[in-house]
Amino acid sequence: MSAVISPTRDPLINGSKTYHQITEDICSPTEQAPSKTWIIGFIVSSSLLAFGVFSILWTIYFGIGTWNLNRTIGWGWDITNFVWWVGIGHAGTLISAILLLFRQKWRTGVNRAAEAMTIFAVICAALFPGIHVGRIWVIFYFFPLPNTRGPLWVNFNSPLLWDLFAISTYFTVSLLFWYTGLVPDFATVRDRAKGFRKKLYSFLSFGWTGAAKHWQRWESLSLVLAGLATPLVLSVHTIVSFDFATSIIPGWHTTIFPPYFVAGAIFSGFAMVQTLMIVTRKALKLEDYITINHIESMNKVILFTGTMVGVAYLTELFIAWYSGYVYEQFAFMNRAMGIYWWAYVGMMACNVISPQLFWVKKFRRSIMVTFIMSIFVNIGMWFERFVIIATTLARDYLPSSWSYYDPTWVEIGIFLGTLGIFFTFYLIFARIAPVVAIAEVKSILKAAGDQYVEGHKEEAKKGADLNPSHEVHHH
């Protein structure tokens, strides 16, 4: 018989933590006065939010004419930003749900921030369909209302209606999944709080006592929600891609859109999680819980999905050429070499070429490179949505109606406003709730804490020295 000694992985919790230290480290940002960095961040993001609200009110008051849309390009920054935000909102729940289903221990450092990111990004995305319909006061046409208002208004053939169903379902499940994870942590904060804060956290923690029955129900609910969220992630971005794929416009009417939109969404979402995590770990001093190993694992996924997106771009170009369909060929020639060539080059450079850096271990484990790359990827994914929308519409069958689109200050203001909403919400969240899941970090301490991992390594090394052949003979 042989006893095989498995090489243990790198620790996921550094600093030889005890259970009490974990509680102290993760709860303290919610208990102390906000730091100077937090205050500056909050002022900047709430100013952007205010400017965004002003731009939206301006749009509602004066109409969509304040945007630079024209008869040729009827969709501009509004749909570009909508698809971009939905994409960012995707990865959060996906990271958390799939890693939970696969029992991956490195999920603990990233899942909470990722789930919060989903909620806030979906809120930002939902804003755009609301305001780009033009007459905002008839927004209720979106909803499948009963026939009390005369004939049924809603058009079940419209992908915009499918969007409404997909996004509201996804938002609901993500919200429940995120909140479920927070309940035990709110109870931990409640037990340390006094006065009004104690009342607030008592309300938020639903009378959690940490009894075995509570844990059992919590685990099973988390698994059910993770199981629901995973297929939803695939369906939502597939339906967003149908906004384009179900039309008959050359360059949009392709069957590759659903899988490639999903890959792109995961790609941009993971990049946004990296941006947030790197800032959060620095600002809240959580380096012992969000380790370089977490960042490296995320970078491997970014490399994989970036390569998938690259394959999708090349497939599109190949199919356009192979089809022999002149209008499709023109659409792709125009994307690469037409008036918007700069957006195409930006998209290719940021999405396909730059992630290839992560083949090198040194770059995958470098905080600075990861941070710059995560921002690059999101710029690239924004360009991708812009290229799909603006370049395809700018040149149609009639050269007399060809036009060029650039955004007005109102459109730019609305986009900056959504960034403001996102970061304001995230900063408030980091003040109210533990950014890293306390209960889940504690659950892996014995398996992945550095003091235990090093101990296992020492034991394994001793065993190997005593018995170089790894064989244990039994007589």
Which distance, rounded to the nearest 0.5 Å, do you find between the [atom1] of [X] and the [atom2] of [Y]?
{"X": "Trp162", "Y": "Ile167", "atom1": "CH2", "atom2": "CD1", "value": "13.5 Å"}
{"X": "Ser374", "Y": "Ile302", "atom1": "OG", "atom2": "CD1", "value": "7.0 Å"}
{"X": "Ile295", "Y": "Lys300", "atom1": "CD1", "atom2": "NZ", "value": "13.0 Å"}
{"X": "Ser354", "Y": "Met373", "atom1": "OG", "atom2": "CE", "value": "3.5 Å"}
{"X": "Thr370", "Y": "Asn299", "atom1": "OG1", "atom2": "CG", "value": "4.0 Å"}
{"X": "Asn378", "Y": "Gln274", "atom1": "CG", "atom2": "CD", "value": "11.0 Å"}

With ring centroids as reference points, do [X] and [Y] lie under 6.0 angstrom apart?
{"X": "His90", "Y": "Tyr170", "result": "yes"}
{"X": "Phe267", "Y": "Phe270", "result": "no"}
{"X": "Trp341", "Y": "Tyr344", "result": "no"}
{"X": "Trp84", "Y": "Trp77", "result": "no"}
{"X": "Phe429", "Y": "Tyr426", "result": "yes"}
{"X": "Trp409", "Y": "Trp58", "result": "yes"}

Please check if the side chain of [X] supplies one atom and the backbone of [Y] the other of a donor-acceptor pair under 3.5 Å.
{"X": "Ser45", "Y": "Gly41", "answer": "yes"}
{"X": "Thr169", "Y": "Phe165", "answer": "yes"}
{"X": "Ser220", "Y": "Arg217", "answer": "yes"}
{"X": "Thr305", "Y": "Ile266", "answer": "no"}

inquiry  = Could you work out, with side-chain hydrogen bond (donor to acceptor under 3.5 Å, both in side chains) as the rule, every residue matching Gln356, not counting sequence neighbours?
reply    =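 Partners of Gln356 by the side-chain hydrogen bond (donor to acceptor under 3.5 Å, both in side chains) criterion, ordered by chain and then number, come out as Trp359.
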Are side-chain heavy atoms of [X] and [Y] found at a separation under 4.5 Å?
{"X": "Phe371", "Y": "Val279", "result": "yes"}
{"X": "Ile95", "Y": "Asn111", "result": "no"}
{"X": "Glu316", "Y": "Tyr260", "result": "yes"}
{"X": "Ile428", "Y": "Ile432", "result": "yes"}
{"X": "Tyr179", "Y": "Phe186", "result": "yes"}
{"X": "Leu276", "Y": "Phe423", "result": "yes"}
{"X": "Ile367", "Y": "Ile278", "result": "yes"}
{"X": "Pro184", "Y": "Trp215", "result": "yes"}

Compare every heavy atom of [Y] with every heavy atom of [X], then report the nearest pair and how far apart it is.
{"X": "Ser268", "Y": "Met381", "result": "CB-CG, 3.5 Å"}
{"X": "Leu225", "Y": "Val173", "result": "O-CG1, 4.1 Å"}
{"X": "Ser366", "Y": "Val369", "result": "OG-N, 3.1 Å"}
{"X": "Gly380", "Y": "Cys350", "result": "CA-CB, 3.4 Å"}
{"X": "Ala121", "Y": "Ile88", "result": "CB-CG2, 3.9 Å"}
{"X": "Leu182", "Y": "Ala433", "result": "CD2-CB, 3.7 Å"}

Determine whether more than 12 heavy atoms belonging to other residues, nucleotides or ligands lie under 6.0 Å from atom [atom1] of [X].
{"X": "Phe304", "atom1": "CZ", "answer": "no"}
{"X": "Tyr325", "atom1": "OH", "answer": "yes"}
{"X": "His214", "atom1": "NE2", "answer": "yes"}
{"X": "Met348", "atom1": "CE", "answer": "yes"}

Check: [X]/[Y] side-chain N/O donor and acceptor closer than 3.5 Å:
{"X": "Trp85", "Y": "Thr418", "value": "yes"}
{"X": "Ser174", "Y": "Thr93", "value": "yes"}
{"X": "Asp243", "Y": "Trp252", "value": "no"}
{"X": "Thr118", "Y": "Trp178", "value": "no"}

inquiry  = What verdict does the ring-ring contact (aromatic ring centres under 6.0 Å, His included) test give for Tyr404 and Tyr340, after you've listed the backbone C-alpha separation in whole Å, the side-chain angles of each residue and the deciding distance to 0.1 Å?
reply    = CA-CA 9 Å; Tyr404 188 78; Tyr340 286 112; 4.8 Å; yes
query = Excluding sequence neighbours, so at least two apart, what forms salt bridge (Lys or Arg N to Asp or Glu O under 4.0 Å) with Asp78?
reply =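 Asp78 satisfies salt bridge (Lys or Arg N to Asp or Glu O under 4.0 Å) with no other residue.
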Partners meeting salt bridge (Lys or Arg N to Asp or Glu O under 4.0 Å) with Glu296 (sequence neighbours left out) =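 Expected list: Arg364, Arg365.
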query = Phe422 vs Phe120 aromatic rings, parallel, tilted or perpendicular, using cut-offs 30° and 60°?
reply =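 Correct class here is perpendicular.
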inquiry  = Ring-plane angle category for Trp402 and Phe330, please: parallel below 30°, perpendicular beyond 60°, tilted otherwise.
reply    =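 The rings of Trp402 and Phe330 lie parallel, inter-plane angle below 30°.
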Side chain to side chain contact (heavy atoms under 4.5 Å, CB included) assessment of Phe332 paired with Trp321 = CA-CA 9 Å; Phe332 281 93; Trp321 166 77; over 6 Å; no
task = Any salt bridge (Lys or Arg N to Asp or Glu O under 4.0 Å) involving residues 111-126? Give me the pairs, sequence neighbours left out, ordered by first then second residue.
result =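 Matches after skipping sequence neighbours: Arg107-Glu115, Arg112-Asp185.
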ask   = Val360: what forms a side chain to side chain contact (heavy atoms under 4.5 Å, CB included) with it, not counting sequence neighbours?
value =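 Scan of Val360 (side chain to side chain contact (heavy atoms under 4.5 Å, CB included), adjacent residues dropped) gives Lys362, Phe363.
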key: Verdict with supporting geometry, Leu419 and Leu416, side chain to side chain contact (heavy atoms under 4.5 Å, CB included)   = CA-CA 5 Å; Leu419 287 171; Leu416 292 175; 4.2 Å; yes
message = For Phe128, run the side chain to side chain contact (heavy atoms under 4.5 Å, CB included) check against Val86, Val83, Ile79, Ile414 and tell me which one passes.
response =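 Between Phe128 and the candidates, side chain to side chain contact (heavy atoms under 4.5 Å, CB included) is satisfied uniquely by Ile414.
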query = What do the steps show when you test Phe244 against Phe261 for side chain to side chain contact (heavy atoms under 4.5 Å, CB included), and what is the final call?
reply = CA-CA 11 Å; Phe244 307 102; Phe261 265 54; 3.8 Å; yes
inquiry  = For Ser47 and Phe51: C-alpha separation, side-chain torsions, deciding distance, then whether side chain to side chain contact (heavy atoms under 4.5 Å, CB included) applies.
reply    = CA-CA 6 Å; Ser47 315; Phe51 182 47; over 6 Å; no
Distance-only donor-acceptor hits, side chain of residues 383-391, under 3.5 Å, sequence neighbours excluded:
{"unit_1": "Glu384", "atom_1": "OE1", "unit_2": "Tyr313", "atom_2": "OH", "d": "2.8"}
{"unit_1": "Thr391", "atom_1": "OG1", "unit_2": "Val387", "atom_2": "O", "d": "2.2"}

